[in-house]
Amino acid sequence: MSTTTFSHEFNYETFKGKVSFPTGIFIDGQFSAGSDNTTIDVINPSTGKVVTSIAEGTAKDVDRAAAAAKRAFETSWGLKIPGARRGELLYKLADLIEQHSDELAALEALDNGKTFNLAKGLDLGMSVGTIRYYGGWADKIHGQVIETHEGNLSYTRHEPIGVVGQIIPWNFPLLMMAWKIGPALATGNCIVLKPSEFTPLTALRVCSLINEAGFPPGVVNVVTGYGEIAGRAISEHLGIDKVAFTGSTLVGRKVMEAAARSNLKNVTLELGGKSPNIVFNDADLDLAINWSSHGIYFNHGQCCCASSRIFVQSGIYDEFLKRFTAKSQTLKLGDPFGSDSHQGPQVSQIQFDRIMGYINSGKEQGAKVHLGGERHGTEGYWIQPTIFTDARPDMRIVQEEIFGPVCVIIKFENEEDVLRQANDSLYGLAAAVFTKDITRGIQFAHSLHAGTAWINCTNSLYPNVPFGGFKQSGIGRELGEYALNNYTNVKAVQVNLGVRI
Amino acid sequence: MANVVELSVPKSNSKIRVQTGLFINNDFVPSVDNIEPIRVYNPSTEEELCTVTAASAKDVDIAVAAARKAFRETWGKNVSGFERSRLINKLADLMERDKQTLAELECLNNGKPVKIARDFDIGDSIGCLRYYAGWADKILGQSIEIDHKTKIAITHPEPVGVCGQIIPWNYPIQMWAWKVAPALAVGCTIVMKPSEITPLTALKLSELVKEAGFPPGVINTIPSLGSVGGLALAAHRGVDKVAFTGSTVTGRKVMEAAANSNLKKVSLELGGKSPQLVFASADIEQAANWAALGILYNTGQDCTAGSRLYVQDNIYDKFVATLAAKAKELVIGDGFDERSGGGPVVSKTQYDRVWSYIESGKKQGARVIVGGERRTTPGYWVDATIFTDIRPDMKIVEEEIFGPVLSVGKFHTEQEAIDLANDTTYGLAAGLHSTDQAQCHRVSSALEAGTIWINQYNVLYNNVPFGGKKQSGVGRELGSHALDEYISTKAVHWNYGENIEWPL
């Protein structure tokens, strides 16, 4: 088993330091090459250049990982270990991630393109908080005792499912790992996790921390690889009892199909969105502008819950558009390690091309580019904050998820009409409404077909508040107590205390 | 100026520093009243260890005011569950760091062996803090359907407020942890009165509270006589809730004082006279081990002590002989001696009490088959003592002794065993030993106690609730249930769309 080491020197005002850690396919606590000895290039989206290459995991590696996970589940994890001990290890891992915050933030900025400051402040903070949150649940997985009659003792156990596959995206690499492993480990499952092939570095760094924290080997296994190969292998694996996927709706379908065709494994999905943001005439305009900007430009628009359709009531439309445009122009595009950069590059060439493709389609279908609409710079994948107006509901930029710093601003007059338009989507991940009239805010929140409804804010998440989609935005909920349901199998136990038949 | 004492640790060169003032607003301060200080003794040697400041009723006022201010300004709704979780975990880390010192201090003051204090009392206490740290950001209310057009109802689980907590001397550190952890997790502030017999570890833990970073006034520690500080807390109009662990006699006084003052919420963990039942199908060797543990652990100074034992008649002789041999194996001795499995009883008062029960048992005609003889060396020693040939009306059978004194009786039928077990005003715990599963369920269902142990005894877990039925208590500690004792639910009915007509 050979291991490779990734070493990199960072020399920026925001972060100076050398990082060095083993990479490879992480199975049973050890790093190795992939079964075919092939590799995947890791590209820095700020430069478009290869930073390193990492092992490519194949179906054979997934087999090996699933076997290791199964062995660990039957011997050193699952119900072989008390919840309090699982919690202790999760807390230890959270502490280690926190101690290595700078290093992990730097890796994230290098690999994903988000700014170092954002990675450190948000991604790291919430990752640590999420793992700690689930550490606290580990010894609190209660079943019920249910009264039937005196000759029968009935109770439920919330058992871990067993070996779970987790496929995570590239937009918040470390954070998505935390959201996945937290509840799965707290409830006693063993994991085969596939990070995105675009952004594997922080997941690989965390593998060493998992060893250091003291998790038994095989409890968490990480197989870096391509979606169509390693991801597919996980989805169809007969030895994996559940798959959790976050990514596009298109791929989510394939995961669910593969699960259905193979062993009908339990499936939870966090997919795309085209979330509406409705700004009423009576909104606090400054509040609305700032949150709306956050709603679409946060993380360079690479956010499943991005508020990408902004509906503005006619009474304030002109003022909103003017101020929102001005706000958009203040966002500084720059190097992820720049101390005042707000927006780095999009994550990859493919994403860059996709987003530019949508921008072109908007132009071709007759929408107006009110701001931006072009590449920024000549190196790396920066795209200017882009505002479309005068769009029609049937346009692709209105219907399809762009996943970039591109929004459509749509004028509306009538409440019923905007509610209908907002809900007129195959997606249903999130929605936002800005108004000072709390009655209207609550009524809208209750009427919007979305898993999260924000009143007077956007993109606000907490580890203990559930998150997930209606309709084709997903199945199941992450975060909060609700996530535990994704990783437990309810067993009802009935003890017959003397009923003879 | 408040004082610091240095206590020598036997068999070592180390010393333990203890601040002996009142801990209020994160500072150790003198009393404003200068009443007689509390004398603290080492029960293994009968020697005085030191004195600590005794809180007067005026000091209690000051502590309560500090807790109220913290509740209003820096704790309560001013701190997130995430932050409470972090601080409680930090406190657990510090206890882990200092566990040897804390164990030695506990042994000096309470007498229990150092290794038991460290690995069990303190180990479980650290687990308790971590358990409740995990709850702090998971205190959930409900959103409740009214109609979907004009109203919503939500419940907010609010912290009840300033809590007076009065803890006993048998598990000073562990009782401290059981009390502070859920209260802090929910967001309450605390005025803690440790037992006047064993105040030292609570004072030492107060240093860790400050080091962990809790804002001033969140926890205040005021050693005091029960009749002074305890009563003052129970009667205080500025205290929203009192939690008391101790005797049933004192528990009544706490509840009366609460009722007469401001009807503050009350939870009580009181005494017990818990029975163990050994049925014919039981594994005799194991049942004898558990029975021995049940009455001898912590030298019988346990509210759940299995102090009555009823054995099915057809295995009686064999079982009792087995148990008697095991009881004699326990080494009760100095807590700093590695061989000791138990220490002295905690004080002269307790020593006199337990011995008077032993004398009464003899006088009322019960037969001593193990122990019953006093030692002649200094220290409050009571060795394992077993009485047989008991009658239900004997004092040793009816009343809580709180020492390593067991009363053993006999039964014929299962129903007789249940009746004997339930024939008490207490209802804290009970144990049954049987390999007949239906019997286990029937009997556990019939026993009137808050904790039933089947084929074990005296084993508790931080995530399983604990408390008494009947006169053994009100409310539950441990598990998620303890949180309810510190939560005051507010229901918010939010009308956002109904206009009513007037007159109706």
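Residue numbers start from 1 in every chain, and the chains themselves are labelled A, B, ... in the order their sequence lines are given, proteins ahead of strands. The figures here come from the full heavy-atom set of this structure, side chains too, leaving out hydrogens, waters and symmetry mates.
Only the side chain of Phe82(B) comes within less than 4.5 Å of a heavy atom in chain A; its backbone stays farther off. Both the backbone and the side chain of Glu150(A) come within contact range of chain B, each with at least one heavy atom under 4.5 Å from a heavy atom of that chain. For Asn89(B), the part lying under 4.5 angstrom from a heavy atom of chain A is the side chain only.
Distance CD1/Ile487(B) to CD/Glu158(B): 10.5 Å, rounded to 0.5 Å. With rounding to the nearest 0.5 Å, the separation of CG in Leu90(A) from CG in Leu185(A) is 5.5 Å.
Taking the centre of each ring, Tyr171(B) and Trp178(B) stay at or above the 6.0 Å mark. Aromatic ring centroids of Phe279(B) and Phe411(B) lie under 6.0 Å apart.
Of the listed residues (Asn496(A), Asp437(A), Thr439(A), Val495(A)), the greatest number of heavy-atom pairs within a distance under 4.5 Å of chain B belongs to Thr439(A). Heavy-atom pairs under 4.5 Å with chain A peak, among Tyr132(B), Trp494(B), Tyr461(B), at Trp494(B).
Inspection of the Ser434(B) and Asp436(B) side chains reveals no N or O donor paired with an N or O acceptor under 3.5 Å.
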